[in-house]
Amino acid sequence: MDEETTVYEHKPWLEVSLQTVRLPSGQLVDDYHKVVTPDFIEVFAVSDDGYVLAEQQYKHGVGEVSLTLPSGNIEHREDPESAARRELLEETGYSASEFRKLGEYVVHGNYGCATAHLFMARGIKKVAEPNSGDLEEMWILKLRADDLKAAVLGGQVKVVTGQQRS
């Protein structure tokens, strides 16, 4: 990268910059856009009796109610597992006896955007009432894996992440 200019910034939610980039082939791209949003976690939380926790909430990016998994931004200097534990508790009121990282991926390979950190939580138990501070009302659902699969195939999942702005 030879040059970068920030063209829009609203931290911590969004930063857009314009870059001049020399690709591995040697080609020069003088108007490459880079988008930065916060890294986030997503939790596939499963109860001992086989239910998966899901959330149903209006998502303005798609203009509809969507089914999502518990998820949220990683706060400044917070490690991904701590964020996953915090978000699961805040959003659903559940804690888990076991957390296992499933992996991570960059959300958009060309623009960058954010890194999603995926976790499996087992041994979930309700320990509090949800207190996420979200802007919209949220419903917590316990679904069998087959029902979650049917919801995905039936178009009830409109977004990959429930990343929040609170």
Side-chain angles (χ1 to χ4, degrees), residues 1 4 6 8-19 21 23-24 29 32-48 50-57 59-62 66-125 127 130-136 138 140-143 145 147-149 151-153 155-166:
M1 180 178 68
E4 181 173 4
T6 299
Y8 178 79
E9 183 176 68
H10 185 68
K11 288 187 175 183
W13 307 110
L14 178 66
E15 183 178 336
V16 180
S17 60
L18 189 59
Q19 299 177 332
V21 178
L23 299 176
V29 180
Y32 199 90
H33 289 81
K34 179 181 177 186
V35 178
V36 178
T37 59
D39 290 350
F40 63 95
I41 57 84
E42 195 155 32
V43 181
F44 189 82
V46 183
S47 67
D48 290 338
Y51 285 94
V52 177
L53 283 185
E55 301 169 353
Q56 192 170 38
Q57 184 181 40
K59 295 296 180 185
H60 189 67
V62 294
S66 180
L67 199 60
T68 66
L69 296 176
S71 58
N73 294 338
I74 298 172
E75 294 180 357
H76 182 63
R77 294 188 176 158
E78 185 178 34
D79 67 88
E81 184 176 325
S82 295
R85 289 178 181 278
R86 177 184 51 75
E87 287 288 349
L88 181 64
L89 181 61
E90 286 177 4
E91 291 191 359
T92 67
Y94 282 77
S95 66
S97 59
E98 175 191 345
F99 269 78
R100 183 171 54 113
K101 188 161 187 178
L102 300 175
E104 60 188 64
Y105 65 93
V106 174
V107 175
H108 194 296
N110 288 323
Y111 294 123
C113 296
T115 299
H117 299 264
L118 310 177
F119 288 87
M120 167 84 72
R122 294 193 178 275
I124 61 171
K125 180 174 142 182
V127 296
N131 185 20
S132 66
D134 288 341
L135 300 174
E136 291 291 329
M138 182 187 317
I140 307 303
L141 308 173
K142 288 177 73 176
L143 302 174
D147 294 330
L148 181 57
K149 180 180 177 182
V152 170
L153 296 175
Q156 291 175 283
V157 178
K158 309 285 184 198
V159 295
V160 176
T161 178
Q163 196 173 6
Q164 305 296 322
R165 177 177 180 179
S166 51

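As the structure is a computational prediction, the values presented were derived from the model and not from experiment.
Judged purely by atom type and a 3.5 angstrom limit, Thr37 uses its side chain to pair as donor or acceptor with the backbone of Cys113. Looking at Glu81, its side chain never comes within 3.5 Å of a backbone N or O of Lys101 through a donor-acceptor pair.
Nearest heavy atom pair, residue Glu55 against residue Leu69, reads OE1-O, 4.0 Å. What you find for Arg85 and Ala96 is that their closest heavy atoms are NH1-O, 3.6 Å. Scanning both residues, Pro38 and Ala114, for their nearest heavy atoms gives O-CB, 3.2 Å. Here the closest heavy-atom approach between residue His33 and residue Tyr111 is recorded as O-CD2, 3.0 Å. Of all heavy-atom pairs between Leu67 and Ala54, the closest is CD1-CB, 4.0 Å. Pairing each heavy atom of Tyr8 with each of Leu14, the nearest pair is CE2-CD2, 3.7 Å.
A distance of 10.0 Å separates OG in Ser97 from CZ in Arg122, rounded to the nearest 0.5 Å. Atom NZ of Lys125 is separated from atom OH of Tyr94 by 12.0 Å, given to the nearest 0.5 angstrom.
The shortest distance between side-chain heavy atoms of Glu15 and Thr6 falls below 4.5 Å. Residues Pro80 and Phe119 are in side-chain contact: their nearest non-hydrogen atoms beyond the backbone lie under 4.5 Å apart. Two residues are said to be in side-chain contact when any heavy atoms from C-beta on lie closer than 4.5 Å; Val52 and Lys142 fail this criterion. Looking at Tyr51 and Ile124, their side chains never come closer than 4.5 Å, going by heavy atoms from C-beta outward. Within the 4.5 Å cutoff, side-chain heavy atoms of Phe44 are placed close to those of Leu148.
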Which is it for Val43 and Glu87 under the side-chain contact (heavy atoms from CB on, under 4.5 Å) test, yes or no, and what are the steps along the way? CA-CA 9 Å; Val43 181; Glu87 287 288 349; 5.8 Å; no
Chi angles and distances behind the side-chain contact (heavy atoms from CB on, under 4.5 Å) call for Leu53, Leu88: CA-CA 9 Å; Leu53 283 185; Leu88 181 64; 4.1 Å; yes
Can you list the steps and then say if Gln56 with Leu141 is a side-chain contact (heavy atoms from CB on, under 4.5 Å)? CA-CA 7 Å; Gln56 192 170 38; Leu141 308 173; 4.1 Å; yes
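There is a side-chain donor-acceptor pair under 3.5 Å between Ser17 and Glu4.
A side-chain contact (heavy atoms from CB on, under 4.5 Å) with Asp39 is found for exactly one of Val106, Thr115, Asn73, namely Thr115.
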